[in-house]
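First up is the structure itself, then whatever we jot down about it.
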Amino acid sequence: MQRIEEIINALAIEAIEVSWNIKVPQEIVQIQKTRKEFQGDYTLVVFPLLKLSRKPPEETATRIGAYIENHSPMISGFNVIKGFLNLVVSHSFWREMLEGELRQAAHGKVPLSESSARVVIEYSSPNTNKPLHLGHIRNILLGHSMAQILSASGRRVHQVNLVNDRGIHICKSMLAWEKQGKGETPDTSGMKGDHLVGKYYVAYDKVYKSQVKELLDNGSPQKTAEAEAPVLLEAREMLLNWESDDPKVRALWEMMNSWVYAGFDETYRRLGIGFDRTYYESETYKLGKSLILKGLEEGVLYSRDDGSVWANLEDEGLDHKLLLRSDGTSVYMTQDVGTARQRFGEFEFDSHIYVVGNEQNYHFQVLALVLKKLGYEWADRLYHLSYGMVELPEGKMKSREGTVVDADDLMDEMERTARQMSEELGKLDEYGEEEKSRIYRQVGMGALKYFILKVDAKKNMTFDPRESVDFNGNTGPFIQYTYARIKSLVRKGSGIPRKAGETPLVDKEVGLIRMMYDYPEVIQDAADSLNPSLLANFLYELAKEFNQYYHDYSILSAEKEELIHLRLLMVEVIGQVIESGMELLGIEMPERM
RNA sequence: GGCUCCAUAGUUCAAGGGAUAGAAUAGCGGUUUCCUAAACCGUAGAUACAGGUUCGAGUCCUGUUGGAGCUACCA
């Protein structure tokens with residue numbers, strides 16, 4: 001069925017054409033939702049039309065309004081304020097919507113078909129040398145919710161992860177473990193694997209820093225000191241040995257990586273996410289290297305005297321970019337070229353989304369250009385979902401200063417707070433420990449996820465631990481609590497029929513139905529703009545609107561039978577929409593809390 | 001130096017070029033014989049600065065100031 005905005009739009013064009021006998025360009029008509037403080041549902045802004053009508057705004061608006069009211073049974077009235085034509089949609093239309101479309105469990109979601117666009121979305125993409133932190137959490141939550149949202153918007157989505165399991169950073173942890181580890185393992189230390197490996201990465205850095213300092217004190221220039229610290233040279237050599245398949249290095253690498261993967265899997269499970277496919281850089285980097293060498297042969301890339309290979313991007317307004325080191329080893333860009341090519345071969349995607357922080361904007365710009373240079377016309381199907389950094393109130397997270405918020409610790413903390421809040425309120429005292437734990441987990445994780453997803457992805461955000469454990473206001477638990485109250489009503493009203501009937505609707509009800517009618521559009525907007533915050537904020541508004549309704553009107557003890565039927569239907573449908581939307585954000589909803 | 005992004009109540013966030021810039025939180029003051037008070041209501045408080053485009057600018061353009069990121073043979 002056609003959206004009512006489109007119907008109004010078409011009628012408005014018709015009205016102008018009939019009234020003033022002129023042709024109207026489509027884009028000039030803008031329909032928007034009427035602001036709360038005015039009477040009406042949809043508003044036509046007539047200012048842009050004055051050039052055509054050559055009449056004052058009020059007269060123009062009134063004529064269009066009268067025409068629309070006469071030609072559509074869905075419009076039951078209108079009013080004109082300055083240059084704004086506010087149209088009132090009939091209650092019978094809203095009642096039909098509530099009882100029909102909105103009530104469907106799949107409301108808002110577009111089913112998949114043969115022609116659905118194929119989307120690959122890559123996120124998480126951790127390094128195997130340190131545990132996940134708050135920044136990764138933002139990445140993972142954005143990636144996972146975008147995958148759900150894109151899927152709901154009718155795209156065929158493949159979620160993939162690319163593990164950066166090779167490169168000099170891995171060698172650094174390995175080196176430190178070899179030198180200082182004394183055979184320590186997750187089992188012997190009791191540490192989660194990723195945390196254990198992260199410990200040795202830090203240990204490496206400590207040695208490196210002190211060696212650099214020593215060189216500086218002996219009179220080396222800064223640059224030389226940083227490039228020639230003995231421990232760095234050792235790491236370089238280890239990387240070379242790794243690339244030439246040295247069995248000893250490989251065995252160490254595999255052992256330490258397996259620790260890390262076990263740790264990551266645990267964190268992923270807790271966050272409620274999973275991937276359709278996981279790629280390992282160690283398996284893909286060689287393809288990149290061969291593509292680069294092919295590009296060199298074809299003359300679209302060039303090599304320097306020392307054997308390193310470069311792309312000249314001056315024509316594109318950028319500088320020169322290294323693609324292979326002089327020792328022949330790959331850099332980050334090299335393997336990304338390879339994985340992109342491989343992915344296209346596997347999925348023939350219509351678009352490929354990389355969820356990566358905005359500090360890599362330049363990298364993805366270059367990646368597309370290099371792929372273009374290599375002759376891949378699908379290079380412009382790559383999108384970078386570039387999100388801002390997560391900062392703490394005291395500034396950036398710095399691992400060296402110990403101000404990194406660890407993902408696992410944070411999740412523990414959120415669940416602990418949920419437990420504490422709930423126990424203070426005493427609402428779950430009658431339930432068993434198992435159910436209580438599940439609810440604490442849902443609420444704690446809901447708080448964390450919503451806190452991060454409500455912020456526009458592309459913006460930097462501040463994570464204030466104090467504020468994050470405040471479960472009042474614009475928070476996940478607020479929406480969950482609203483949902484729990486809805487479910488309570490639905491339980492108490494079981495057996496009572498739910499139907500719209502013929503009763504007039506109060507303004508709050510019209511407002512709520514109109515919001516739910518917008519839900520499909522919100523999903524599409526969030527999908528198109530790669531921004532889950534649109535959905536998060538919509539759900540908050542809906543929950544808030546419901547809480548006011550709930551406060552002002554009795555549901556189960558309304559004055560008349562048919563009011564109870566109508567309101568119970570309202571409540572049930574609102575619950576469905578909230579649950580559906582929160583699911584797209586990856587947030588579980590408790591039946592009670 | 002060059003390139004990119006950002007600047008909105010004390011604080012954290014909203015606002016598809018449109019009406020009186022919305023919320024939350026912190027502050028102050030209220031609401032429970034009534035469906036879950038993790039709720040609801042009231043009060044006070046903001047577009048960095050200077051120009052420009054437009055019927056209309058927080059939003060677009062130019063400049064200034066302030067902040068972040070990138071500009072690595074790190075990933």
Side-chain angles (χ1 to χ4, degrees), chain A residues 30 32-38 43 45 47-48 50-51 57 81-84 86 125 127 129 164 166-170 172 226-227 232 236 281 304 306 308-310 317-319 321-327 329-333 335-336 357-363 365 386 388-389 391 393 396 418 421-422 424-425 427 443 447 451 454-456 458-464 466-468 470-475 477-482 484-489 491-493 525 529 533-534 537 540-541 543-544 546-548 550-558 567-568 571 592-593:
Chain A
Q30 358 167 340
Q32 48 194 248
K33 283 143 213 156
T34 303
R35 298 183 57 142
K36 256 192 191 158
E37 56 269 36
F38 301 97
T43 294
V45 184
F47 293 112
L50 301 181
K51 291 194 273 294
I81 295 166
K82 294 193 268 183
F84 299 90
N86 300 320
S125 305
N127 286 332
N129 59 341
N164 293 313
R166 63 158 287 279
I168 191 142
H169 57 294
I170 312 298
K172 292 173 182 175
E226 283 174 7
L232 177 63
R236 281 242 163 79
E281 210 185 289
R304 293 190 179 167
D306 60 7
S308 58
V309 180
W310 297 72
L318 301 173
D319 54 6
K321 182 74 196 174
L322 176 88
L323 296 169
L324 283 178
R325 293 193 191 97
S326 50
D327 63 8
T329 56
S330 303
V331 292
Y332 183 35
M333 186 64 69
Q335 66 87 23
D336 256 6
N358 63 8
E359 73 273 15
Q360 289 187 35
N361 287 352
Y362 178 74
H363 173 82
Q365 202 183 342
S386 159
M389 309 191 56
E391 290 167 15
K396 279 189 65 172
M421 289 265 320
S422 180
E424 274 171 26
L425 294 167
K427 292 194 180 188
V443 173
F451 189 89
K454 75 173 174 185
V455 181
D456 188 343
K458 68 171 185 290
K459 292 196 176 176
N460 286 3
M461 65 175 291
T462 305
F463 184 89
D464 185 338
R466 271 205 327 276
E467 200 186 320
S468 74
D470 183 352
F471 291 173
N472 302 316
N474 186 357
T475 64
F478 171 87
I479 300 173
Q480 288 173 319
Y481 175 67
T482 306
R485 294 214 289 192
I486 288 174
K487 291 313 257 190
S488 168
L489 284 173
R491 280 193 299 270
K492 290 192 166 131
D525 283 353
S529 58
S533 76
L534 296 176
N537 287 307
Y540 170 67
E541 292 296 330
K544 191 167 173 52
F546 170 80
N547 277 325
Q548 290 168 3
Y550 177 87
H551 182 265
D552 293 346
Y553 297 94
S554 295
I555 311 298
L556 295 171
S557 48
R567 290 179 185 173
L568 207 48
V571 168
R592 45 179 65 91
M593 65 184 271

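Just so we're on the same page: letters track the sequence lines, and every chain starts at 1.
- Taking NZ of K172(A) as the reference point, atom CG of L232(A) lies at 6.0 Å (rounded to 0.5 Å).
- One atom, CD1 of I486(A), and another, P of U36(B), lie 12 Å apart when rounded to the nearest Å.
- Going from atom NZ of K487(A) over to atom C1' of A39(B) covers 20 Å, rounded to whole Å.
- Between the C1' atoms of C34(B) and U43(B), the separation comes to 27 Å (whole Å).
- The side chain of S488(A) contributes an N or O atom lying less than 4.0 Å from OP1 or OP2 of U36(B).
- Other residues, nucleotides and ligands contribute over 12 non-hydrogen atoms within 6.0 Å of the CZ atom of R491(A).
- Within the model, atoms OH of Y481(A) and CZ of F471(A) stand 15.0 Å from one another, a figure rounded to the nearest 0.5 Å.
- The distance from atom CG of D470(A) to atom P of A23(B) is 18 Å, rounded to the nearest whole Å.
- Using a 30° and 60° split on the angle between ring planes, Y540(A) and F478(A) fall in the tilted class, from 30° to 60°.
- When the C1' atom is compared between A9(B) and G27(B), the two are found 13 Å apart, to the nearest whole Å.
- With both pairing distances under 3.5 Å, C73(B) is matched to nothing as a Watson-Crick or G-U wobble pair.
- One interatomic measurement links the two molecules: CD1 of I168(A) to C1' of A75(B), which rounds to 11 Å at whole-angstrom precision.
- Side-chain N/O atoms of K492(A) include one lying less than 4.0 angstrom from OP1 or OP2 on U36(B).
- Residue-level contact check: Y540(A) touches the backbone only, with heavy atoms under 4.0 Å from sugar-phosphate atoms and none from bases.
- On the P atoms, G63(B) is 15 Å away from G1(B), given to the nearest whole Å.
- Under the Watson-Crick or G-U wobble criterion, with both distances below 3.5 Å, U59(B) has no partner in any strand shown.
- Only the C1' atoms considered, A50(B) is 28 Å distant from U11(B), to the nearest whole Å.
- The line from CG of N358(A) to NZ of K459(A) is 13.0 Å long, rounded to the nearest 0.5 Å.
- Counting non-hydrogen atoms under 4.0 angstrom, F451(A) reaches nothing in the nucleic acid.
- A39(B) and U31(B) make up a base pair, with Watson-Crick or G-U wobble contacts both under 3.5 Å.
- Distance H169(A) NE2 to A72(B) C1': 15 Å, rounded to the nearest Å.
- Counting atom types as modelled, S326(A) pairs a side-chain N or O with a base atom of C73(B) as donor and acceptor under 3.5 Å.
- Distance NE2/H551(A) to CG/N547(A): 10.0 Å, rounded to 0.5 Å.
- Heavy atoms of Y362(A) sit under 4.0 angstrom from primed sugar atoms or phosphate atoms, though from no base atom.
- Residue D336(A) is out of contact with every strand shown, counting any heavy-atom pair closer than 4.0 Å.
- Nearest to the side chain of P48(A), among C73(B), A23(B), G18(B), sits G18(B).
- For the pair K454(A) and F451(A), the distance from NZ or CZ to the six-membered ring centre is under 6.0 Å and the angle to the ring normal is within 45 degrees.
- Counting atom types as modelled, S533(A) pairs no side-chain N or O with a base atom of A14(B) as donor and acceptor under 3.5 Å.
- Here M461(A) lies in heavy-atom contact (under 4.0 Å) with sugar-phosphate atoms only.
- Spacing between atom NZ of K458(A) and atom P of A7(B) amounts to 9 Å, rounded to whole angstrom units.
- Rounded to an integer number of Å, the gap from K321(A) NZ to U71(B) P is 7 Å.
- Contact check for T482(A) versus Y550(A): no side-chain heavy atoms found under the 4.5 Å cut-off.
- Distances shorter than 4.0 Å separate none of the side-chain N or O atoms of Q360(A) from OP1 or OP2 on C70(B).
- Closest approach to the R236(A) side chain among U12(B), A68(B), C73(B) is made by C73(B) (side chain taken as heavy atoms from C-beta onward).
- At the phosphate of U20(B), neither OP1 nor OP2 sits under 4.0 Å from any side-chain N or O atom of K36(A).
- When each of P477(A) and K82(A) is assigned the nucleotide of RNA chain B with its nearest heavy atom, K82(A) is the one assigned upstream, toward the 5' end.
- Within 4.0 Å of S422(A), counting heavy atoms only, lies at least one base atom of the nucleic acid.
- Between U54(B) and G18(B), the two C1' atoms lie 12 Å apart (nearest whole Å).
- Nucleotides U33(B) and U20(B), compared at atom C1', are 41 Å apart to the nearest Å.
- For the residue pair H363(A) / D336(A), a side-chain donor-acceptor distance below 3.5 Å is found, with atom types taken as modelled.
- Of the candidates A75(B), A39(B), A7(B), A39(B) carries the atom nearest the Y481(A) side chain, counting heavy atoms from C-beta on.
- Phosphate proximity of G18(B) to R35(A): absent, as no side-chain N or O sits under 4.0 Å from OP1 or OP2.
- At a threshold of 4.0 angstrom between heavy atoms, the contacts of N537(A) with the nucleic acid are absent.
- Proximity of K544(A) to the phosphate of A24(B): a side-chain N or O atom is located under 4.0 Å from OP1 or OP2.
- Checked against A39(B), G69(B), G22(B), the side chain of N547(A) finds its nearest nucleotide in A39(B).
- Checked against G69(B), U36(B), A75(B), the side chain of E281(A) finds its nearest nucleotide in A75(B).
- For F47(A), the listed nucleotide lying nearest its side chain is G18(B); candidates were A75(B), G18(B), U12(B).
- Figure legend. U11(B) is base-paired to A24(B); pairs are counted as Watson-Crick or G-U wobble with both atom distances under 3.5 Å.
- U71(B) sits 34 Å from G16(B) when the C1' atoms are compared, rounded to a whole Å.
- Taking atom CG of residue D456(A) and atom C1' of nucleotide C6(B), one finds them 11 Å apart after rounding to whole Å.
- No donor-acceptor pair closer than 3.5 Å links the side chain of T329(A) to the backbone N or O of R325(A).
- Taking 4.0 angstrom as the limit, R325(A) places a side-chain polar atom (N or O) nearer than this to OP1 or OP2 of A75(B).
- Of the nucleotides present, C6(B) is the one that pairs with G66(B) by Watson-Crick or G-U wobble criteria, both distances under 3.5 Å.
- F478(A) comes within 4.0 angstrom of sugar-phosphate atoms only, judged by non-hydrogen atoms across all strands, and of no base.
- One P atom belongs to C70(B), the other to A14(B), and the distance between them is 22 Å to the nearest Å.
- Judged by closest nucleotide on RNA chain B, S557(A) is the one of S557(A) and R166(A) placed further toward the 5' end.
- Using a 4.0 Å heavy-atom distance criterion, V455(A) is classed as a sugar-phosphate-only contact.
- Contact annotation: side chain of N472(A) to base of A37(B), donor-acceptor pair absent below 3.5 Å.
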